[in-house]
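Some notes on the structure that comes next.
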Amino acid sequence: MRNLLFILFFALLGGFFNGLLGTGGGIVLVFLLSRIPSLSKTEVFATTVFCIFLMSLLTAVLYFKEGMIDLSFSSQVFVPAAVGGAVGALLLGKIKPSLLQKLFACMVLYSGIRMVMA
């Protein structure tokens, strides 16, 4: 029961940040999933991306219904972002888990510093 409450709390928190900020949900999910001993680092990152996809799909629909999305601009960003996502997905299984963890930590640290300094 305690593990279920832990999972529910952090999954809800991840979804909340994804919906509110458009980012951050993945960071929360990586934190959550990395505490589950049966998941490898690769499974943690892949599961997080899958969950982010579903959360983002739902929040994108809600953002669209509220008129918050500029479809013209979004169409220019989508293709290169999708290519980058595909390349990253293909590399995920080929990169050492310890390097993945360091890359993720560097991105979080860099993003945090940029946001504080803005």
Side-chain angles (χ1 to χ4, degrees):
M1 181 66 171
R2 186 175 175 177
N3 286 342
L4 178 60
L5 290 176
F6 176 82
I7 290 169
L8 288 175
F9 173 76
F10 280 99
L12 182 65
L13 190 64
F16 173 77
F17 282 125
N18 188 74
L20 181 67
L21 304 174
T23 189
I27 294 168
V28 174
L29 290 178
V30 167
F31 171 80
L32 164 67
L33 296 174
S34 65
R35 266 112 191 108
I36 300 173
S38 61
L39 294 177
S40 70
K41 289 196 185 336
T42 302
E43 290 172 317
V44 166
F45 288 111
T47 302
T48 298
V49 169
F50 179 71
C51 290
I52 290 170
F53 166 72
L54 296 175
M55 289 186 303
S56 296
L57 183 62
L58 176 61
T59 54
V61 168
L62 295 172
Y63 290 165
F64 181 78
K65 287 177 80 173
E66 293 294 321
M68 297 180 196
I69 297 176
D70 179 341
L71 291 177
S72 173
F73 180 72
S74 298
S75 64
Q76 296 171 17
V77 175
F78 173 74
V79 172
V83 170
V87 170
L90 293 172
L91 291 175
L92 178 62
K94 296 174 174 46
I95 297 175
K96 290 182 182 181
S98 60
L99 179 58
L100 286 174
Q101 190 170 354
K102 288 177 179 126
L103 285 170
F104 182 75
C106 287
M107 286 199 52
V108 170
L109 185 61
Y110 174 77
S111 297
I113 291 170
R114 291 280 311 212
M115 293 177 97
V116 168
M117 298 302 211

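Since the structure is predicted, the reported quantities are computational estimates derived from the model, not experimental observations.
- Of all the heavy atoms in Ala46 and Leu92, the pair that sits closest is CB-CD2, 4.0 Å.
- Taking each heavy atom of Cys51 and Leu29 in turn, the nearest pair found is CB-CD1, 3.6 Å.
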Please report, to 0.1 Å, the donor-acceptor pairs under 3.5 Å made by any side chain of residues 81-88, with sequence neighbours excluded.
none

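- Residues Leu33 and Leu39 share a closest heavy-atom pair of O-CD1, 3.9 Å.
- For Ser111, the side-chain contact (heavy atoms from CB on, under 4.5 Å) criterion is met by no residue, not counting sequence neighbours.
- The same ILVMFWY cluster, assembled from side-chain heavy atoms under 4.5 Å apart, contains both Leu21 and Met55.
- Val49 and Val108 fall into different hydrophobic clusters, where Ile, Leu, Val, Met, Phe, Trp and Tyr side chains are chained together by heavy-atom contacts under 4.5 Å.
- Within the model, atoms CD1 of Ile52 and CG of Leu57 stand 13.5 Å from one another, a figure rounded to the nearest 0.5 Å.
- Here the straight-line distance linking atom CD of Gln101 with atom CG of Leu99 works out to 10.5 Å at 0.5 Å rounding.
- Nearest heavy-atom pair across Leu32 and Ile7 is CD1-CA, 3.7 Å.
- Contact check for Val30 versus Ile27: no side-chain heavy atoms found under the 4.5 Å cut-off.
- When the side-chain contact (heavy atoms from CB on, under 4.5 Å) test is applied to Val28, the partners found at least two apart in sequence or on another chain are Phe10, Leu13, Phe17.
- Closest heavy-atom contact between Thr48 and Val44: OG1-O, 2.7 Å.
- With sequence neighbours left out, Ser40 forms a side-chain hydrogen bond (donor to acceptor under 3.5 Å, both in side chains) with Glu43.
- The list of side-chain hydrogen bond (donor to acceptor under 3.5 Å, both in side chains) pairs with a residue in residues 72-100, not counting sequence neighbours, is empty.
- The distance from atom CG of Leu58 to atom CG of Leu54, rounded to the nearest 0.5 Å, is 9.0 Å.
- Each ring-ring contact (aromatic ring centres under 6.0 Å, His included) pair with one or both residues in residues 37-76, not counting sequence neighbours, appears once here: Phe45-Phe104.
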